Structure formats: C-alpha cells, structure tokens
Protein chains: 2
Amino acid sequence: MTNNPTRSQMRIDRILKRLNRAISAQELYTELRQANQSMGLATIYRSLEALKIQGQVQVRMLPNGEALYSSAQQQDQHHLTCVNCGTSIPIDECPVHNLETELENTHKFKVYYHTLEFFGLCSLCQLAAE
Amino acid sequence: MTNNPTRSQMRIDRILKRLNRAISAQELYTELRQANQSMGLATIYRSLEALKIQGQVQVRMLPNGEALYSSAQQQDQHHLTCVNCGTSIPIDECPVHNLETELENTHKFKVYYHTLEFFGLCSLCQLAAE
DNA sequence: TTTAATGCAAATACTTTGCAGGAAA
DNA sequence: TTTCCTGCAAAGTATTTGCATTAAA
C-alpha cells in the first residue's frame, strides 16, 4: 500500500483507464502480445492483484470463474445475466450509494467499490422454456 | 425447465433447503461422502447447474473463482469483503428490491435473484496499511 | 552490490466433458 | 428395450507459485 507501483502496475493501470470496459487478464495478455508490448501472464496477474488491493482496480467475477478487471475510476456498471444462455445486459440503475456510506460508518470498512448483478431468465429464454 | 427433476437434483435441492448457508460443490461432495451418501462430483455440478437454470438455486462467485450455492428460498445475503485479507462480513441491508421489480418490467427479464457485494479494506487492514 | 520485479514453466484448484455402466420407464 | 442418469477419469481453463534472470537503486 505504501509500496511504490512497479512499471507493470503503471502500464496496466494506464491501459485500464484508457479502456472504457472491463477486461480479463487473459485478454489483456493477448492484446498486449498483439501490440508487441508483451507482458508475462504472471506479471499481469500480480499487477492486477496489487492494483486491486490499492483500490485502483475493480474486479467482477463471471459465472464461469473468469475475473473481469476495470479501472476504479470507471462508473458503476451492473448487469442482468441470464442463467440459461449467459447473455449479459448492462443496466444504468444503481440504488446502493447511500448504503455504501452507511456501511463505511457502521463497520469502519473502507469501501472501494461494489458489484451488483441480477440473475434470471432473459425474455428469449423465457419463451424457449415453455 | 419442463424437465422432471432427477433424483440427484431432488437430493441436492433438499440439502440446500435444510442448510441455511451457501456451500461450494466441492464441500457438498466431501460432506456427502462423509455421511456415506456419496454422489459423483460431476453429478453434483450437473445437478446444481440444472437447479440454477430452474431458479431453485442461487450462485455467488468468490474472488478466488469458487462458486457458492444456496437455496433460492434463502434470504438475501450480502457481504463486505476485504480485498486484502479476504475476510467477508455478512450484512443485513439490501436496497434493491424495488429496482428488481422495475427491471423485470422494463427488460422483460425474469429475475431469480441478485448478488450484491462490497469490496474494500476491513478496519484491521486499514491499520496495517499505514 | 543489493534489492526487487519479471518471465517462464510447473503446479493448483475448480469445473466440464466423454463415455461406459446402470437405473428407471 | 429404450431413454435418461450417474460416476469415473480425462481434459479444459483460469490462476498461483517457484525459481532463475534481469533491471533498478
């Protein structure tokens, strides 16, 4: 935390800030490689882990066990995810900011970010289910 | 969906309903084995998948990529999770029910359940960070 | 020179899939 | 008999770790 950021951390932080979407470690690895700016996969994971602990980076776990990383500066982004087909629809609403402040006080917990995801059946899968 | 539940699905559904907490597939496997009611790991995963699609079971992904399953009848349970030490504190509050109904209407999406998790630093890790 | 960061490869852990045997209809 | 379920073992995937190398201080 008091630690100086490494070069890799700074590179990744910069990329995530430019990019306006969440990206997986694997994808980051592939993209960097294609751009001839390769970075070892282990380094990518280690950097993301460090940035996460510093609160620079948010993580969202997909139902398949893959982690998606994005800059903490990114706006809240939540989703409706279909448990059947996996389709994920981004939504704009987010009703939890007040609660966040409240939790920081009652639990003396410094909240970096939150994840809010809805799971169920998309309209297509509801039809297919009949 | 129109499918009849298998024996395994019914067994697992029953267990999850009794149990008042979320459990991983691996733990379920171990517990059943110890209770001399073994079930193959593949069957456990397949049953959980089916129950999930039917909306009988909720899933929450842990930051380590492990999935925690619980009965859909279970009450909402959300957490404050420390990005540093991994400690997870259950919280009671949940401000998203109205939104859920709203989303069902605007997106024609049948919401089974949602996950809401807060990430940051617990009080201890805040101290350690200085 | 001393310390810390990096990359590669091996190891880990969870989950999924292929397939043969077995139970139910 | 026919269909579906189940278990085992093998494969797949994301992630972590050990260690030798390299870069920075």
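All values derive from a computational prediction rather than experimental measurement. The basis for the numbers below is simple: all heavy atoms, side chains too, and nothing from hydrogens, waters or symmetry mates.
Residues A:Arg60 and B:Glu117 are not in side-chain contact: their nearest non-hydrogen atoms beyond the backbone lie 4.5 Å or more apart. With a 4.5 Å cut-off on side-chain heavy atoms, B:Leu116 and B:Asp76 do not count as touching.
Summarising the geometry, the separation between CD1 on B:Ile12 and C1' on D:dC5 is reported as 13 Å, rounded to the nearest angstrom. Here C:dA9 presents its P atom at 15 Å from CD1 of A:Ile44, a figure rounded to the nearest Å. With rounding to whole Å, A:Leu62 atom CG is found 19 Å from C:dC14 atom P. The nearest whole Å value for the distance from the CD atom in B:Glu66 to the C1' atom in C:dA13 is 9 Å. Rounded to a whole Å, the CD atom of B:Gln26 is 6 Å from the C1' atom of C:dC14. Atoms CZ (A:Arg11) and P (C:dA5) sit 16 Å apart, rounded to a whole Å. The distance from atom CG of A:Asn4 to atom P of C:dT3 is 16 Å, rounded to the nearest whole Å. Atom CE in B:Met39 sits about 6 Å away from atom P in D:dG7, given to the nearest Å.
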Polar-atom pairs under 3.5 Å, protein N or O versus N or O of nucleotides 2-4 of chain D: list them with distances, or write none.
none

Could you list the protein-to-nucleotides 19-25 of chain C atom pairs, N/O on both sides, closer than 3.5 Å?
none

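An OP1 or OP2 oxygen of D:dT15 is reached within less than 4.0 angstrom by a side-chain nitrogen or oxygen of A:Tyr45. Contact annotation: A:Thr43 side-chain N/O to C:dG7 OP1/OP2 distance is under 4.0 Å.
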Expected list for residues 36-46 of chain A: side-chain donor-acceptor pairs under 3.5 angstrom, two or more places apart:
unit_1	atom_1	unit_2	atom_2	d
A:Tyr45	OH	A:Gln26	NE2	3.1

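The aromatic rings of A:Phe119 and B:Tyr113 lie parallel to each other, with less than 30° between the two planes, well short of the 60° mark.
From B:Gln126, atom CD reaches atom NZ of A:Lys108 across 9.5 Å, with rounding to the nearest 0.5 Å. With rounding to the nearest 0.5 angstrom, the CG atom of A:Leu51 is 9.5 Å from the OG atom of A:Ser71. To the nearest 0.5 Å, atoms CG (A:Leu68) and OG1 (A:Thr115) are separated by 12.0 Å.
Within the 3.5 Å criterion, the main-chain N or O of A:Val111 finds a donor-acceptor partner in the side chain of A:Glu104.
The number of heavy atoms from other shown groups lying within 6.0 Å of CZ (A:Arg33) does not exceed 12.
Nearest-nucleotide mapping onto DNA chain D: of A:Glu49 and B:Tyr29, the residue sitting toward the 5' end is B:Tyr29.
Within 4.0 Å (heavy atoms only), A:Ser8 reaches sugar-phosphate atoms of the nucleic acid but no base atom.
Closest to the A:Ala42 side chain, of the nucleotides D:dT15, C:dT15, C:dA9, is C:dA9.
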